[in-house]
Amino acid sequence: MKSYNIALLPGDGTGPEVLREGVKVLHAVGSRYGITFNCEEYDFGGERYLRTGETLPESAIAELKRHDAIYLGAIGHPDVKPGVMEVGILLKLRFALDQYINLRPVKLYPNVDTPLKDKGPEHIDFVVIRENSSGIYSGMGGATMVGTEREIATQLMVYSRPVVERCIRYAYEYTRKRNKKNLLTLVHKNNVLTYVGDLWVRTHKEVGDRDFTDIRQDYNHVDACTMWMVKSPEFYDVIVTANLFGDIITDLGAMIQGGMGIAAGGNINPEGVSMFEPIGGSAPKYTGKNIINPLAAICAGGMMLETLGEDAAAKAIDKAVFKALASGKIKSMAAGKMGMGTTETGDLIASLV
Ligand code: IPM
Ligand code: MN
């Protein structure tokens, strides 16, 4: 019997509700594939912050490092100033655990509405690999003469060769393992970001030419990428991109795959502890109503299994979601419009794994 220690971070708003369904599905798939999950829950989030003034306690990082993976509900509380929880928990964990890959599949399941006219599941199935540890998220920069007419502020896009290279290598390996179109598209903006863009472009080419001659290389400027994602999403297989560009294009990606209710992501440290989450927020107004869509959290659980090396169990979750949606029983991806409740949706997937 294989066994994994999972740290649960339900967080705020609807986070606990969707995570509960994700855990339900994990246990269901575990019992079929001989895997047990020892889950330990942590109360990091807005409520705790309002009570204690602390986002993450001192001991949190060391504790979380003792787990095999982290499963997150949502971070963000309406009574806490925007940015505090995001920086103090989400970004802090990504950086402290060096989760340098943000993996975001963009996949349209059957019967799920996409706003793209004439596009179906055969057109929308690609993966965005977002660099998750550096770039404009590094927090470097500063401001001077703040509040005066001549105020100056900078925010630096910081990339070193090793940080770019480890991300690009992961992306090539991932493209090879996925074995779909064997096409890795680098998305950047090297017509304007001549220094950092050039570093990414050269690294993409050098690593590909040297070690991944079986993978085709392509390049899009990020603005053009948003255009192609709408016009010809079938063109993409795997996209690798810098932190901020990945943040932006994956919101677009979530919309074309049917919305935040179905969009999952993983913050991955291939050599360490990774963290999986539904990428929609805490949706406070839907809290406690049993109407939020847990599919994104459930799919994030599947990504967790894949990263842990449990490919068969991971595929079983994906297939169960596929089956449930193909059956037409789930009417919509939107909260309150699914035609069933949060817990019933979890039960349905658990019954199908
Ligand atoms: C995301 C979010 C975060 C980000 C915020 C909440 C800090 O938008 O996970 O995409 O910008 O990375
Ligand atoms: Mn984002």
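All values reported here derive from a predicted model rather than from experimental measurement. Heavy atoms only: backbone and side chains are in, while hydrogens, waters and symmetry mates are out. Atoms within each ligand, like the ligands themselves, are counted from 1 in listed order.
Contact annotation: the side chain of Leu193 approaches that of Phe245 to within less than 4.5 Å [non-hydrogen atoms, C-beta and beyond]. With contacts defined as side-chain heavy-atom distances shorter than 4.5 Å, the pair Asp12/Pro284 does not qualify. Side chains of Leu93 and Leu9 form a contact here, defined as non-hydrogen atoms less than 4.5 Å apart. In this structure, the side chains of Glu40 and Arg66 stay at 4.5 Å or more apart for every pair of heavy atoms.
Remark: minimum distance from atom 1 (C) of ligand 1 to any protein heavy atom is reached at Arg104 NH2, 3.4 Å. Looking only at heavy atoms of the protein, atom 8 (O) of ligand 1 is closest to Asp247 OD1, 3.3 Å.
For the ligand labelled ligand 1, residue Met85 lies outside the 4.0 Å heavy-atom shell.
In this structure, His221 and Tyr219 have perpendicular ring planes: the angle between them is above 60°, well past the 30° mark.
Remark: ligand 1 atoms within the under-4.0 Å shell around heavy atoms of Arg130 are 1 (C), 4 (C), 10 (O), 11 (O), 12 (O). Close approach of ligand 1 to Arg94 (heavy-atom distance below 4.0 Å) involves ligand atoms 1 (C), 4 (C), 9 (O), 12 (O). The distance from ligand 1 to the heavy atoms of Glu86 drops below 4.0 Å at these ligand atoms: 6 (C), 7 (C). Near Tyr137, meaning under 4.0 Å from any of its heavy atoms, are these atoms of ligand 1: 4 (C), 11 (O), 12 (O).
Listing protein N, O or S atoms at distances below 2.8 Å from the Mn ion (ligand 2), with waters left out, gives Asp247 OD1.
The six-membered or imidazole ring of Tyr159 lies away from that of His188, with a centre-to-centre distance of 6.0 Å or more. Side-chain rings of Tyr172 and His204 approach one another, their centers coming within less than 6.0 Å.
Salt-bridge formation is detected for the pair Arg178/Asp125: a Lys NZ or Arg NE/NH1/NH2 atom is positioned less than 4.0 Å from an Asp or Glu carboxylate oxygen.
Not a single N or O atom of Asn102, backbone or side chain, sits closer than 3.5 Å to an N or O atom of ligand 1.
Taking all atoms of both residues into account, the shortest heavy-atom contact from Ile279 to Thr250 is CD1-O, 4.3 Å.
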Worksheet item: Passes side-chain contact (heavy atoms from CB on, under 4.5 Å), Lys24 versus Asp347? Steps please.
Response: CA-CA 8 Å; Lys24 185 190 282 176; Asp347 290 341; 2.7 Å; yes
